[in-house]
Amino acid sequence: MAEHEEQSGGVPPLDEEAAWAAIVAGYGQEPPDPPGARPFRPIENLLLPEEDVKPLPTEPKPEPGAGTEPPVALGSSVVFAPGVGMAGPRDHSLAEPKDDDLTPAEEGHFVPPEPELPPADVTSKFAWLAVLGGPVLLLLAVLFQWEMTWWLTTLGIGGFLGGFATLVARMTQGDDEDDDPGRGAVV
């Protein structure tokens with residue numbers, strides 16, 4: 001307690017009981033709006049333009065000296081900088097379109113063409129059939145409770161591994177050719 005009572009600089013010690021009494025007295029009350037703040041808009045009025053918003057009824061403020069004031073004015077040292085509470089980035093509105101503005105169709109936006117899959121050769125088709133068909137064959141064998149013979153296992157696992165290896169081996173290794181017009185941006 002001794003550290004709270006002794007303060008340097010000629011400042012009187014903080015009256016903690018008065019501060020707590022002010023906090024308790026102000027419990028549940030909304031603090032006053034800062035200078036320049038706009039009135040609160042309920043959620044029903046958020047989509048309405050500013051001029052159509054009906055202000056909410058406010059509770060009358062108690063008269064000074066009526067015994068409802070807190071004994072200590074808390075937060076009275078808050079000072080707002082000039083311009084705070086005025087217009088902000090959310091208050092920006094776009095300029096109205098003019099008659100000579102171009103529509104999006106007239107501006108010439110680039111619409112990319114639908115991509116086409118390259119033609120698949122016979123080897124790629126059989127490789128994909130093996131990669132997808134091998135696990136499907138094993139799944140069917142389990143679901144229908146077929147006997148797991150050596151040829152069924154070899155066909156399922158070997159087909160998957162062989163098809164996967166074929167597809168990986170046939171992948172192109174980063175062609176540095178610039179003659180393919182399908183790769184790159186159209187300017």
Are [X] and [Y] linked, directly or through other ILVMFWY residues, by side chains that come within less than 4.5 angstrom of each other?
{"X": "L139", "Y": "L155", "result": "no"}
{"X": "W150", "Y": "L140", "result": "yes"}
{"X": "L137", "Y": "V142", "result": "yes"}

Partners of [X] by side chain to side chain contact (heavy atoms under 4.5 Å, CB included), sequence neighbours excluded?
{"X": "L138", "result": "M148, I157"}
{"X": "T149", "result": "E147, W151, L152"}
{"X": "L167", "result": "A127, W128, V131"}

Salt bridge (charged side-chain N to carboxylate O under 4.0 Å, His left out) contacts in which one or both residues fall within residues 119-130, not counting sequence neighbours
D121-R170

Hydrophobic cluster of [X], others only, ordered by chain and residue number, side-chain cut-off 4.5 Å:
{"X": "L94", "result": "none"}
{"X": "V24", "result": "none"}
{"X": "F126", "result": "V122, L129"}

For W146, the ring-ring contact (aromatic ring centres under 6.0 Å, His included) test, sequence neighbours excluded, returns F144

Quick check: closest heavy atoms across G163 and A130, and the distance to 0.1 Å?
CA-CB, 4.0 Å

